[in-house]
Amino acid sequence: MTSQNESIDKLSTVLGLYKAEWLREKLFDLFTVPGYFDELKMNRPCVLIGGRGTGKTTVLQGLSYQGQFAFAKSDKNVIDTWQFFGLYHRVNTNRVTAFRGPEQTEDRWRACFAHYLNLLFCTQLLEFACWYELQTGRELSLSPTDLAAFRATLKLQSNGRLADLAQEVRLQVLVFEASINSIVDTPPEFLSMQGAPVDALSAALLSTKELAGKQFFFLIDEFENYEDYQQRILNTIIKHAPSAYTFKVGVRELGWRERSTLNENEQLTSPADYARISISERLTDSRFKSFAEEVLSVRYQGTVDGPAVGADFPSLFPKLDELDEAARLIDKAQENKVRKAVEEASSPEQREAAKALPFGVQYFLDYWANSHTETTTLSAEIDAWLKDTKSSKDRFNNHFHASLFAIRKGKRGIRKYYSGWDVYLALCEGNIRYLLELVHSALLLHTEEEGAALSPISAEVQTQAAQAVGRKNLSELEGLSVDGARLTKLLLSLGRVFGVLAESPAGHTSEANQFHLREEQAPDSDGRAMELLKHSVMHLALVRYAGSKLLDERDTKAYDYMIHPIFAPFFVFSHRKKRKILLSSANLLSLVDRPREGIDAVLKLNHRESEADLPDQLQLFGDFYA
């Protein structure tokens, strides 16, 4: 038991390290190769698009020379077989935002920032060259003429080893960063030409016999943190980079705001200028399932002593059958009422057969009859079911899941279960970090209750874990960006709207959990709404899908939007991609600016009224909804 508890503690620790920067030296030990990894090894620019937690950082670090060396178990003999050397750079918001302000014109800031990029990229190239010499024991046979040309681009004084050049450039970076804070009083005396030092140094390194025929990859992570003008600078460098190096860019969806170069008439387009790799598009449901299980398996194997063994995670998260779920959700008084209604509505010859039906079926027949009193009766529904008519079975298949949300409307405790491995995968929407959070949270709760983590986890614990993860990510949203407070309000308002729609499905469109934005006549309102949506998608408050059919002639927007499924258990609505409602820009903005009025207005448009009784997990936000 002690050994098992130790394994459980190790597993919990490893699952809790769901950010690449938290893993440190474990990152490469736990690396799982995604299906698109080989595409990033092409000798052309690539843009890797994905939300926070989809694995961009891990993949880009896996492409770095440090990552490749770790994968090779530090075997120095493989270095010369590599076709590229990846240089990882994470955009530091503290640094890049310093290059703005009224002290300088944008043209001047542009020149300063281009010089700064030259220094950073040259530092990375020189550090790699020093690492290469250290690992291989061979000095790079650099041409003195080529080195002199590089030194001239940055006015370097060192005339000795690469290590001396690297140290001098590092010091230039520090001195230049310090000068930016006092740029008005002491403006920089020298600024290098955009890209020139990088071109000269990379060409010099690749002209050596040791590195001939290779290529450098600049791996830029969190590209969205660049200012708009800075993105245009990078775009220019990417588009006009020589064959010596190319770029692999990691960016959030909608985070690449500028596609033009410094020439406003010149745009970066795919596939002419770069390969576009969208993680959500590449990791379809089946691919994400296999990738996710491999990620978890690798982490689990690292916690078990002895021969490698895999944990059957799907069996640890069993799905609750929906008929059983209905029986669990309905209390005894409701059950007796339904059974009595079914018995009284059945004809004498059908009574025994009707009473023998699974209780979930009895509940649904009663639910459907009560919500469609103008067109049917419970007696007719029982008769149609027992006769096995197609229309009856179709109604059950199409509406039973939605009906589950109505059972515990206004009651305490769990109102809907979210359990099963496939459900957990669907809640993540291709986000591996969310899956690690869900599994970690569920295992912790299960261990507290049962004391043994590696046994099937109950539907109750799975649901509580899913609600906890949704609540955690909602609370973190406010600190993710300057618009965090507005995104939080939007999520709270939309979540309540869809929660009320879910718990009142009778006689309405079932499982309405998406919305489509109709274009407004007021440009200001429409523009602010689209800006809000853009930030919501970037920070995973919402996800967007290519729009389907138009709702009316004014319905010209291209996308449908949905609250990210990870929040569905918290607000209690369906996580499945189903039906949509229509909102105006004014509706959307009112949900943020006047939440109470906005919620009531949207519900009224959809023939519902706001309920006073919040689910237990939403009680914390009672003041917001009051």
Side-chain angles (χ1 to χ4, degrees), residues 1 4-18 289 292-293 295-297 299-300 303 310-331 360 401 404-405 407-408 411-429 431-475 495 499 502 564-576 614-620:
M1 180 62 71
Q4 185 180 14
N5 287 338
E6 289 177 355
S7 294
I8 292 168
D9 291 340
K10 289 180 182 178
L11 180 61
S12 178
T13 299
V14 174
L15 290 174
L17 299 174
Y18 44 78
K289 177 181 173 68
E293 290 174 5
V295 169
L296 288 166
S297 179
R299 296 199 175 207
Y300 173 69
T303 67
D312 185 4
F313 280 92
S315 69
L316 291 176
F317 294 85
K319 180 175 175 57
L320 180 62
D321 180 81
E322 289 189 339
L323 288 174
D324 293 336
E325 181 174 356
R328 287 197 191 193
L329 290 171
I330 293 178
D331 59 33
H401 181 83
L404 297 175
F405 290 89
I407 293 176
R408 295 191 60 80
K411 296 187 177 181
R412 301 296 303 274
I414 292 176
R415 295 190 181 185
K416 174 72 178 66
Y417 288 97
Y418 295 82
S419 64
W421 188 241
D422 288 340
V423 171
Y424 262 37
L425 292 174
L427 292 176
C428 298
E429 187 71 15
N431 190 305
I432 196 67
R433 184 185 300 178
Y434 283 162
L435 183 63
L436 292 173
E437 289 185 26
L438 287 169
V439 173
H440 182 226
S441 179
L443 286 175
L444 286 179
L445 288 174
H446 181 66
T447 304
E448 291 175 4
E449 293 192 4
E450 303 294 333
L454 298 182
S455 60
I457 300 173
S458 69
E460 287 80 7
V461 167
Q462 291 184 58
T463 301
Q464 291 165 4
Q467 290 175 346
V469 171
R471 180 170 58 248
K472 169 190 169 293
N473 283 283
L474 174 64
S475 64
H564 195 290
I566 197 67
F567 299 107
F570 183 70
F571 291 111
V572 196
F573 62 84
S574 176
H575 66 279
R576 310 189 306 181
L614 295 169
D616 291 354
Q617 65 274 10
L618 285 182
Q619 295 295 332
L620 182 64

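Of all non-hydrogen atoms in Val572 and Ala502, the two that sit nearest each other are O-CB, 3.7 Å. Scanning both residues, Ala326 and Ile407, for their nearest heavy atoms gives CA-CD1, 4.1 Å.
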>> Apply side chain to side chain contact (heavy atoms under 4.5 Å, CB included) to residues Ile457 and Leu445 and explain how you reach the verdict.
In response: CA-CA 9 Å; Ile457 300 173; Leu445 288 174; over 6 Å; no
>> Set out, in order, the CA-CA distance, both residues' side-chain angles and the distance that settles side chain to side chain contact (heavy atoms under 4.5 Å, CB included) for Glu325 and Ser419, then state yes or no.
In response: CA-CA 10 Å; Glu325 181 174 356; Ser419 64; over 6 Å; no
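Looking at residues two or more places apart in sequence or on another chain, you find a side-chain hydrogen bond (donor to acceptor under 3.5 Å, both in side chains) between Glu460 and Arg328, Tyr417. Applying the side-chain contact (heavy atoms from CB on, under 4.5 Å) rule to Glu293 yields the partners Lys289, Pro314, Trp421; only residues at least two apart in sequence or on another chain are considered. Remark: Asp324 pairs with no residue by the side-chain hydrogen bond (donor to acceptor under 3.5 Å, both in side chains) rule, at least two apart or across chains.
Using a 4.5 Å heavy-atom threshold, the side chains of Arg412 and Asp616 count as touching. The shortest side-chain heavy-atom distance between Leu435 and Leu427 does not fall under the 4.5 Å cut-off. Side chains of Pro569 and Gln617 form no contact here, defined as non-hydrogen atoms less than 4.5 Å apart. Leu425 has its side chain within reach of Asp422: a pair of non-hydrogen atoms, C-beta onward, lies under 4.5 Å apart. Considering only heavy atoms from C-beta on, Ser441 stays 4.5 Å or farther from Gln464 through its side chain.
Using the six-membered ring where Trp is involved, Phe405 and Tyr418 have ring planes that are perpendicular, over 60° apart on the 30 and 60° scheme. Using bins of under 30°, 30° to 60° and over 60° for the plane-to-plane angle, the ring pair Phe567/His564 lands in the perpendicular bin.
Applying the side-chain contact (heavy atoms from CB on, under 4.5 Å) test between Tyr424 and each of His575, Lys319, Gln462 identifies Gln462 as the sole match.
Side chain of Tyr434 to main chain of Pro565: no donor-acceptor pair is present (N/O by atom type, distance under 3.5 Å, no hydrogens or angles).
Side-chain contact annotation: Glu437 with Asn473, donor-acceptor N/O pair under 3.5 Å present. For the residue pair Glu322 / His401, a side-chain donor-acceptor distance below 3.5 Å is found, with atom types taken as modelled.
One finds the CG atom of Leu329 at 8.5 Å from the CD1 atom of Ile414 (value rounded to the nearest 0.5 Å). For the atom pair Gln467 CD and Leu474 CG, the distance stands at 13.0 Å (nearest 0.5 Å). One distance of note links CG of Leu443 with CZ of Phe317; it measures 5.0 Å at 0.5 Å rounding.
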